[in-house]
Structure formats: C-alpha cells, structure tokens
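Because the structure is predicted, anything quoted here is derived from the model rather than measured. Atoms considered below: every heavy atom in the structure, side chains included; atoms not considered: hydrogens, waters and symmetry mates.
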Protein chains: 2
Amino acid sequence: MLKPNPIHLIHVKPACEQCRVRELCLPTNLKSQDLSLMDKLVVRREPLAKGEFLYRAGEKFKGIYAIQDGAVKTYGLTVDGREQVTGFHISGEVFGLDAIDGEVHPCNAVALEKTEVCQIPFAKLEELSMEVPELLHNLSRIMSREIMREQHVLLMLGGTSAEQRIARFLLNMSQRYADQKLVSDRFRLCMSRQDISNYLGLALETVSRQFSQFQERGLIDIQNRYVQIKQFSLLKQVAQ
Amino acid sequence: MLKPNPIHLIHVKPACEQCRVRELCLPTNLKSQDLSLMDKLVVRREPLAKGEFLYRAGEKFKGIYAIQDGAVKTYGLTVDGREQVTGFHISGEVFGLDAIDGEVHPCNAVALEKTEVCQIPFAKLEELSMEVPELLHNLSRIMSREIMREQHVLLMLGGTSAEQRIARFLLNMSQRYADQKLVSDRFRLCMSRQDISNYLGLALETVSRQFSQFQERGLIDIQNRYVQIKQFSLLKQVAQ
DNA sequence: ATTTCTCCTTGACCTGGATCAATTTGAAAA
DNA sequence: TTTTCAAATTGATCCAGGTCAAGGAGAAAT
C-alpha cells in the first residue's frame, strides 16, 4: 500500500468559507454574512504535533473544537486510575462539548498525528447564536449528533463478540471518511492497537489477532496502520 | 423494607413554577417572567402507565421530554435486532435529545412505572432561547450533561468486572436520588434484572448472583426491587 | 383462593477472550 | 548506517462470566 508522499506546503489556515469540512461543521447552511461573523469568532491555533495535548482533564473550558485536519483522541480516567478512550475525532468533527455544563474539561484531548484545530469560544458562540437562528440550530444538531455517536458506541459494546466489534469499528471509520468525500476503502488508522483495544473494551492482543484473522479470510488487507477493506459486504455481514 | 402506601390523590400537574424538580430541569435560574413564558411552551401529557411507550424508534421528533415523576427506559436496536438499553431516566431528568439532529427518534422510550412527563416542543424552545440567554445556556448545559452521562457509562463499561459495574450502578442510582433531595440509601429499582443486565453488558444471572453476593457480604439489603445500601464506604471501595 | 405467568434465583458446565510470555517489526534517534 | 525503543504479532494457558437448566416467589388474573 502506498503512503502519501509528504510534500511540505506553506502552512495555510483556511477561513470557514474556504474550509474543506465546512459542511460538516458549525457553519453549515449559514448565509454569507453570517458565515463571516462566525469566522471572526474562530481561533485558529498553530498545528498540534503528534502527542501534544489540546486540553487536559480539569482545565477550564474556553470553547469547543473542530478539526480541520488530523486526528484527536479523547480519554478519561476511571475511578481506579485506568485510561479509558471515549472517542477518536477526525477532520470535520466537533468535540469538547462535554465541558459546557461544568465549565471544566472532564477528559483529556491529545493529537494522534499533526493536527489542525479551530477553537470556537463558547460564550461568543452562544451570543452569536442569539442573533443567527441557523447557528443555534446547528449547535443543537451537533450536540445531538454527539449524543447519538456515544449511543452507537454503547450499542456496539453491548453484547457483541470481539469479531463484531472490530468489524463495526472498521466500517465506522470507513463511513466517517466517506462522510468527508474521502477515499473510504483504504485509509490509515490514526491510533495504536492499544487505543483501539481500550476503546472497544478488548485486550490489545485480541485486536491484533482479529485483524490477522480478517486478513487471512481476505476481508481486509492490513499493513501496520494502513488498512484496505477488500470485501465490504462480507465485513458488514460479520458486523451483523 | 416498607413499601410506600399507595394513596390516590386527585391528579395535579404542577406548572414549572411549582415543580419539585424545577432546579434540575430547563427552567433553572430563569427570571419569573421568563419562567412563565417557558411554562406556556410545555405540554403536560396524561400520565403514562407502566409499559406505555412515550415514543418509538422512527417516529418524527416533536420535542424533548422531562420527567416530573416516574421512570423511563430508552433503548435502541442493534444491527442484529437485539435490544440495547441506552439509559434509565428518573424524575428531574431530560431526554430525547438524540433526536434533534435527524428529526426522528433513533430509539424507543417506554415507561417503567406510572410516569408523568412534560414535552417541550423543540422548535418553540429554540425560538424562546433566542430571546432568553439563560434558557439557551440551560439547554446547552443539559445537552452537555447528557454527553457526560454517556461518557460515564463508557467509563463504567470499559475494562471493569461485573462486581465493579454493579456496585457503580447502585451508587449511580443512589446519587441520582440524592440529586433530587430524596432518600438515597433506600430506593426501589424501577427496572427489571433483565434491563439492568442489558444496560451493563452482563448476563441477567450474573446481576442476580452479584446482588445476592453483596447481600451476603452485608453491603446491601435487597428484597425484590427494594434496595437498601448498608455500607456505602465498602460499596464505593468495591466500585474502586 | 387458586391459577397463571413473569421475574428472579441458584447450580453446573463450558468457552471466548484476558493474561502472561517470547519474538518480530518498524520507526525514531544517534 | 547502526542503535534503541515502542508497537505489533503470535503462542500457550486460564478463569470470569456466559449459557443452559431447573426450580421458587410475587404479582396479576380468574
């Protein structure tokens, strides 16, 4: 499988208007003048390096985050001190919504690769939402979507075998690339086997074995973190 | 353990102003005149009988729901047709937020006992939120809280033993009664062992055995659905 | 009061996936 | 390039909890 050739371009931070993932993010359906008001709100940070934290549990909440490019893992700590991954977030996705109520981040967010994020200061976003009904509605929808996302994780974890969970995980990642109009049958997993296993409530050895088994069965081709889904229909069947 | 004596009162539906759980619900911190605007929005339905559906998966979304009294279970169907409980909701709690994005309920909501709910039509709620900043903020906070609630479930399910899950479940229920200023060391479980096991990703036999074991160890006293937590500190220790 | 039915408990057995352990591979650092 | 270290694979073993099965106890219906 071919790795993308790393060409170094001059770093450009597109405004909302030019952003590749605009339609998945908060500005969907906004009129041009509202879009530029929205754009003025957004803080575009320097890209995060792999392993860099966007925020840590306990930090004061300033705003929610949208990913322009890259990937972020969010994780919490259980009462007994174990790490528990609560989500992987890729471009076009909004996260940090869990901090609104308590005004403190209840979990950690760390970049899984070089990542560009936009911060949307929440107090200002609420103010602008009072002026722009579409924006208020988009905010509601994005929060609702996050609630559904977590419900899907619950459905995925409930009473399913390791085989099913991993098949569903791969199909879910694939779908999210498809949502962005990106190639969805071959992609790079942005997270380690450790992270996947933790997220799916399995041992990392089980994940590794299951990947190997899917490969033997011809369902997928996996080399390190590069996956190609070769038999969508069969994989869906395995996922039930 | 004493069952509450069933006294039949004339059915009264308190307005938001008089509602016992007002401070947990959308109207928190609202000024008196805003509260009455909010109150005009609310649709108070006839009480639901045990087993009655509030909505079913696929139904068009009209509004979100708040429980005045009683309990509701929400559940989805997995791809292979199994039921998966996504939450138990008791008085003072708001749910149905997962339907905002798609404008269709992705799951079912059924009363676990005689239950009084308020429907808050969502389009009207958004309109009023544009006028009342506190209401907009309360809505954001309630959605954020729901996201956190689901994250807690994920943390609870991730890499924990059956013993821990059940201890945490009991402590969680207890805390939610405490949040309402109700007795929190003795309460009636509003759901079946089946529902609990499904929710916690365990077999119902495991739940039953674990309850018996906690009883033997003197941590709790359980008779049918009536629980008394006798050793909070020990139970917390078991939950880690 | 008696029947019926649903919910719950308890026992016996077995398997999926966790755990432990030993390499192998790949990527970053020197 | 070689070294170093983290990440991934694969094998062997074991046990927590699932499954199957057989009652028992409450609640609702007759």
Side-chain angles (χ1 to χ4, degrees), chain A residues 1 3-4 6 49-52 73 80 82-85 110 112-114 156-167 169 188-217 220-227 238, chain B residues 1-4 6 49-51 73 82-85 110 112-114 156-167 169 188-217 220-227 238 240:
Chain A
M1 197 164 299
K3 293 188 195 181
K50 178 177 170 175
E52 210 176 322
K73 159 180 99 168
D80 48 319
R82 268 185 342 92
E83 225 176 76
Q84 175 63 51
V85 176
V110 63
L112 291 167
E113 56 194 37
K114 189 187 166 206
M156 183 166 69
L157 296 183
T160 52
S161 63
E163 187 189 43
Q164 282 179 315
R165 288 184 201 189
I166 294 184
F169 171 74
R188 182 180 171 280
L189 291 169
C190 50
M191 70 300 277
S192 68
R193 303 287 193 268
Q194 176 73 261
D195 285 336
I196 297 172
S197 71
N198 181 298
Y199 178 64
L200 297 177
L202 299 169
L204 89 91
E205 294 92 330
T206 306
V207 173
S208 185
R209 270 187 258 270
Q210 213 52 247
F211 278 158
S212 304
Q213 203 213 306
F214 283 168
Q215 173 132 272
E216 274 164 36
R217 292 207 258 161
I220 62 170
D221 190 6
I222 187 163
Q223 304 292 336
N224 307 318
R225 294 189 177 184
Y226 294 88
V227 206
V238 168
Chain B
M1 197 164 297
L2 242 63
K3 293 189 195 181
K50 178 177 171 175
K73 158 180 99 167
R82 269 185 338 93
E83 225 177 76
Q84 175 63 52
V85 176
V110 64
L112 291 166
E113 56 193 39
K114 190 186 165 208
M156 183 165 69
L157 296 183
T160 51
S161 63
E163 186 188 45
Q164 282 179 314
R165 288 184 201 189
I166 294 184
F169 171 75
R188 183 181 170 278
L189 292 169
C190 50
M191 70 300 278
S192 68
R193 303 287 194 268
Q194 177 73 261
D195 285 337
I196 298 173
S197 71
N198 182 297
Y199 178 64
L200 296 177
L202 299 168
L204 91 89
E205 293 93 331
T206 306
V207 173
S208 185
R209 269 186 259 268
Q210 212 53 246
F211 278 159
S212 303
Q213 204 212 306
F214 283 168
Q215 173 133 275
E216 275 164 37
R217 292 207 258 162
I220 63 170
D221 190 6
I222 187 162
Q223 305 292 334
N224 307 319
R225 294 189 176 183
Y226 294 86
V227 206
V238 168
Q240 283 280 5

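The residues B/Glu83 and B/Lys73 are annotated as salt-bridged, a charged nitrogen and a carboxylate oxygen being separated by less than 4.0 angstrom. Salt bridge B/Glu163/B/Arg217: present, at least one basic N to carboxylate O contact under 4.0 Å. Between A/Arg188 and A/Glu113, at least one side-chain nitrogen of the basic residue sits less than 4.0 Å from a carboxylate oxygen of the acidic one, meeting the salt-bridge criterion.
Rounded to whole angstrom, the span from the CZ atom of B/Phe214 across to the C1' atom of C/dT9 amounts to 16 Å. Across the protein-nucleic acid pair, B/Lys50 atom NZ and C/dT6 atom P stand 12 Å apart, rounded to whole Å. As rounded to whole Å, 15 Å separates atom C1' of C/dT19 from atom CZ of A/Arg82. When the P atom of C/dT10 is taken as reference, atom CZ of B/Phe211 falls 13 Å away, rounded to whole Å. Taking atom CD of residue B/Glu205 and atom P of nucleotide C/dG11, one finds them 13 Å apart after rounding to whole Å. One can place CD1 of A/Ile222 at 16 Å from P of D/dA7, the figure rounded to the nearest angstrom. Distance CG (B/Asn198) to C1' (C/dC7): 16 Å, rounded to an integer number of Å. The CD1-P distance, from A/Ile196 to D/dA7, rounds to 13 Å in whole Å.
A/Arg165 comes within 4.0 angstrom of no nucleic acid atom, judged by non-hydrogen atoms across all strands. Counting any heavy atom pair closer than 4.0 Å across all strands shown, B/Ser192 reaches sugar-phosphate atoms only and no base atom. Contacts of B/Ala203 with the nucleic acid, taken as non-hydrogen atoms under 4.0 Å apart, include base atoms.
Nearest nucleotide to the side chain of A/Arg209, out of C/dT9, D/dG11, D/dG18: D/dG11. Ranking C/dA18, D/dA8, C/dT10 by closeness to the A/Ser208 side chain, first place goes to D/dA8. In this structure, the nucleotide among C/dC8, C/dA18, D/dT9 sitting nearest to the side chain of A/Leu204 is D/dT9.
For B/Arg225 and C/dC8, the shortest distance from a side-chain N or O to OP1 or OP2 is below 4.0 Å.
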*asked:* Is there a side-chain contact (heavy atoms from CB on, under 4.5 Å) between A/Arg225 and A/Cys190? Walk through the geometry before answering.
replied: CA-CA 7 Å; A/Arg225 294 189 177 184; A/Cys190 50; over 6 Å; no
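Rounding to the nearest 0.5 angstrom, the gap separating the CZ atom in B/Phe211 from the CD1 atom in B/Ile220 is 6.0 Å. Of the inter-residue distances, the one linking B/Tyr199 atom OH with B/Met156 atom CE reads 4.5 Å to the nearest 0.5 angstrom.
Of the N and O atoms on the side chains of B/Thr160 and B/Arg165, at least one donor lies less than 3.5 Å from an acceptor on the other residue.
Taking the nucleotide of DNA chain D with the nearest heavy atom to each of B/Leu202 and A/Ser212, the more 5' of the two is matched to A/Ser212.
Axis angle between the ends of the helix from C/dA1-D/dT30 to C/dA30-D/dT1, five pairs each and rounded to 10 degrees, works out to 50°.
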